[in-house]
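Written below as structure tokens is the structure these notes are about.
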Amino acid sequence: MTRPLAVLTAACMAATLLAGCGSSSQQETTAASTTAGGQSSGESAATTAADSGSGENVELRVAWWGNQQRTDDTIAVFDQFGAENNVTFSYEYNSYDSYWETLATQSVGNNMPDIIQQVTDQFAGYINNGLLVDLTPYVENGSLDLSDCDEAYISGGRYNGGLYGVSLGTNVMTIIYNPALFEAAGVETPSPDWTWSDFVATAREIYEKTGVQTENVALGMPRYLLEPMIRSKGQSLYSEDGLGFGFDDETKAEIVSVIQDCYDLVQEGVFVDPEEQLLWQDNSERALCKGEAAMGMNWSSVFSNFCNYYDLDLEMANQPLFDDATTQGMYLRPAQFFSVTKDCENPEMAAKAISYFVNDSSANQILGGERGIPAVTSIREELRESASETDKKVYDFLDSVIEYCRDADPAEPSTSRQSVEVLNNNVTEVMYGQMTAQECIDSWMDQSLEILAK
């Protein structure tokens, strides 16, 4: 199996986009303005202020990326808050790539929106450049209420002792599996504390007994396969200063072994052929979603869709860790944050608006957990009650998995996306026999050190 590198790169990037985080393939929309209390977008902020009764009217700009449903729901919630608090909002929303391009231009001109949507791989760069406000004082004075949030849900917004983002929804990377295929093979379903060796043995046993394969869990998103294993040794993917890696040579050798195992499973036929897997255009084409694979790896946020494509009764399991793990490796990953920018003239009111967004019951009935599982315990419980049976599995899994998670590591370096792309490409070459597992990890680390130093 040989392919030109350019083709492999494009295919691997496409596979990564199937991950379900929903960031880069949203429909592009144009910037718009909506005034407080749900006034039409054509009315001016001055008119709204004049009509809003006594008290000073506050004006806030909010920006995010997303599809039309997210846009409509987000506007509805902030309009609701605006009507209750004499705040006029203007809204700026776009496709993922256009969003960041616009925000970069605005940051240079000191004209960023007051509240912006953030992600983990952009987060540190904005903080280090002094573009985001530390929200800790507003938590302390009660403007931003995080009292009903489990720390595991909000730790991703902390950086260098400050709180710079509030999670709008949470994902966890998981092994999704088909219990009917396990039963047919007479194989026990995964235990919460299973190891990588257990995973490999399970995939082999199911294949040997039934001929049913497992999706290649290293292909497309190897970072999320390896990171929990690294963390399970009490180490981290990146160093604290973001200029290098946070794991030692012994752990590096174990990483190489995992990639080698994945290659071996391809050669044995246990894993789906990479030629086939990289051609999947969307998740509905996945072997797991079609009932043709016993296991796969993906975000909890896509679980319901995976079940619903072909009406399958799937389940979720914890990620397997190194056999010599010493601590929890998994973590809850914020799908997005809301942050307040340094250009905001009224950060306290912005903090109150974010607090309403994450805490208000009626607001979250509108939002429906579209950005991921909410951080607020009471909101999760309310949404679970009205959820479908499949969606309830996601809520229940997030509640149970916390025991096996510890706080997220500090925000990843702003250049980490390039490092991840190198790893993606190298792992793809390994699966095609064009690079050894050792060469894959050596090359990734060497190139990443140059990338992270920029």
Side-chain angles (χ1 to χ4, degrees), residues 34-38 45 48-49 52-64 73-92 110 112-118 123 126-127 130-170 334-367 371-372 374-380 382 407-408 411:
T34 303
T35 54
T48 305
S52 60
S54 60
E56 181 182 356
N57 180 265
V58 176
E59 298 179 11
L60 294 173
R61 293 162 56 206
V62 187
W64 66 91
D73 293 345
T74 301
I75 289 174
V77 168
F78 280 120
D79 275 355
Q80 191 167 283
F81 174 84
E84 296 174 10
N85 295 274
N86 200 23
V87 178
T88 296
F89 288 99
S90 59
Y91 303 116
E92 300 168 23
N110 298 313
M112 288 188 296
D114 302 287
I115 300 171
I116 62 172
Q117 194 167 275
Q118 267 285 350
F123 199 45
Y126 275 75
I127 297 169
L131 299 176
L132 302 183
V133 171
D134 182 3
L135 298 172
T136 304
Y138 307 108
V139 176
E140 293 173 347
N141 72 15
S143 299
L144 175 56
D145 181 9
L146 300 179
S147 61
D148 195 25
C149 297
D150 292 312
E151 179 61 25
Y153 281 83
I154 61 175
S155 63
R158 301 193 188 280
Y159 187 79
N160 284 349
L163 177 70
Y164 294 91
V166 178
S167 173
L168 303 180
T170 301
Q336 292 116 27
F337 304 105
F338 265 152
S339 297
V340 178
T341 73
K342 57 95 175 175
D343 295 332
C344 179
E345 295 183 359
N346 197 326
E348 183 162 2
M349 184 59 78
K352 288 180 179 179
I354 295 173
S355 186
Y356 182 88
F357 196 94
V358 300
N359 283 289
D360 186 81
S361 176
S362 62
N364 279 276
Q365 289 298 327
I366 294 171
L367 297 167
R371 285 177 169 90
V376 177
T377 305
S378 60
I379 296 298
R380 290 202 305 275
E382 287 181 17
D407 290 353

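Residues satisfying the side-chain hydrogen bond (donor to acceptor under 3.5 Å, both in side chains) test with Ser147, not counting sequence neighbours, are Asp145. Every residue two or more places apart in sequence or in another chain that forms a ring pair (Phe, Tyr, Trp, His ring centres under 6.0 Å) with Tyr356 is listed here: Phe81. By the side chain to side chain contact (heavy atoms under 4.5 Å, CB included) test, Val58 is found to be paired with Leu60, Val87, Asn346, Met349, residues two or more places apart in sequence or in another chain being considered. Partners of Phe123 by ring pair (Phe, Tyr, Trp, His ring centres under 6.0 Å), not counting sequence neighbours, listed by chain and number: Phe337. Here Thr377 pairs with nothing under the side-chain hydrogen bond (donor to acceptor under 3.5 Å, both in side chains) rule; sequence neighbours left out. Partners of Tyr126 under the ring pair (Phe, Tyr, Trp, His ring centres under 6.0 Å) rule, at least two apart in sequence or in another chain, are Trp100.
Counting all heavy atoms, side chain and backbone alike, Gly156 lies closest to Ala408 at CA-CB, 4.2 Å. When all heavy atoms of Arg61 and Met112 are compared, the pair lying nearest together is NH1-O, 3.4 Å. For the pair Pro113 and Ala63, the tightest heavy-atom approach, listed with the atom from each and the gap, is CG-CB, 3.6 Å. Residues Leu163 and Gly165 approach most closely at CD1-O, 3.4 Å, considering heavy atoms. Closest heavy-atom contact between Ser362 and Gln80: OG-NE2, 2.9 Å.
Between Tyr164 and Tyr138, the gap from one ring centroid to the other reaches at least 6.0 Å.
Annotation: side chain of Thr74 is in contact with side chain of Arg371 (closest heavy-atom distance under 4.5 Å). When side chains are defined from C-beta on, Leu168 counts as touching Gln117, because their heavy atoms get closer than 4.5 Å. Proximity of Leu367 to Val77: side-chain heavy atoms (C-beta onward) are separated by under 4.5 Å at one or more points. Side-chain contact between Ile379 and Val358: absent, with no pair of heavy atoms (C-beta onward) separated by less than 4.5 Å.
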* To do: Might you work through the side-chain contact (heavy atoms from CB on, under 4.5 Å) test for Val166 and Phe357, ending with a clear yes or no?
  => CA-CA 10 Å; Val166 178; Phe357 196 94; over 6 Å; no
* **Test side-chain contact (heavy atoms from CB on, under 4.5 Å) applied to Val340 and Leu135, step by step** => CA-CA 8 Å; Val340 178; Leu135 298 172; 3.7 Å; yes
* To do: Quick one: do Asp343 and Thr341 satisfy side-chain hydrogen bond (donor to acceptor under 3.5 Å, both in side chains)? Show the steps, please.
  => CA-CA 5 Å; Asp343 295 332; Thr341 73; 4.8 Å; no
* List the steps and the verdict of side-chain contact (heavy atoms from CB on, under 4.5 Å) for Asp114 and Glu345. => CA-CA 8 Å; Asp114 302 287; Glu345 295 183 359; 5.5 Å; no
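Note that OG1 of Thr88 is 3.5 Å distant from CG of Asn57, once rounded to the nearest 0.5 Å. Leu132 contributes atom CG, which lies 5.0 Å from atom OG of Ser339 (distance to the nearest 0.5 angstrom). Residue Ser355 holds its OG atom at 9.5 Å from CG of Asp360, rounded to the nearest 0.5 Å.
Side-chain atoms of Asp134 do not come within 3.5 Å of backbone N or O of Gly162 as any donor-acceptor pair. Although no hydrogens or angles enter the test, the distance criterion places no donor-acceptor pair under 3.5 Å between the side chain of Asp407 and the main chain of Ser155.
Comment: Arg158 engages Glu151 in a salt bridge, judged by a side-chain N to carboxylate O separation of less than 4.0 angstrom. Using a cut-off of 4.0 Å between Lys/Arg side-chain N and Asp/Glu carboxylate O, Arg380 and Asp150 are scored as salt-bridged.
For Ser90 and Glu59, the side-chain atoms include no donor-acceptor pair closer than 3.5 Å. If you check the side chains of Ser143 and Glu348, you find a donor sitting under 3.5 Å from an acceptor.
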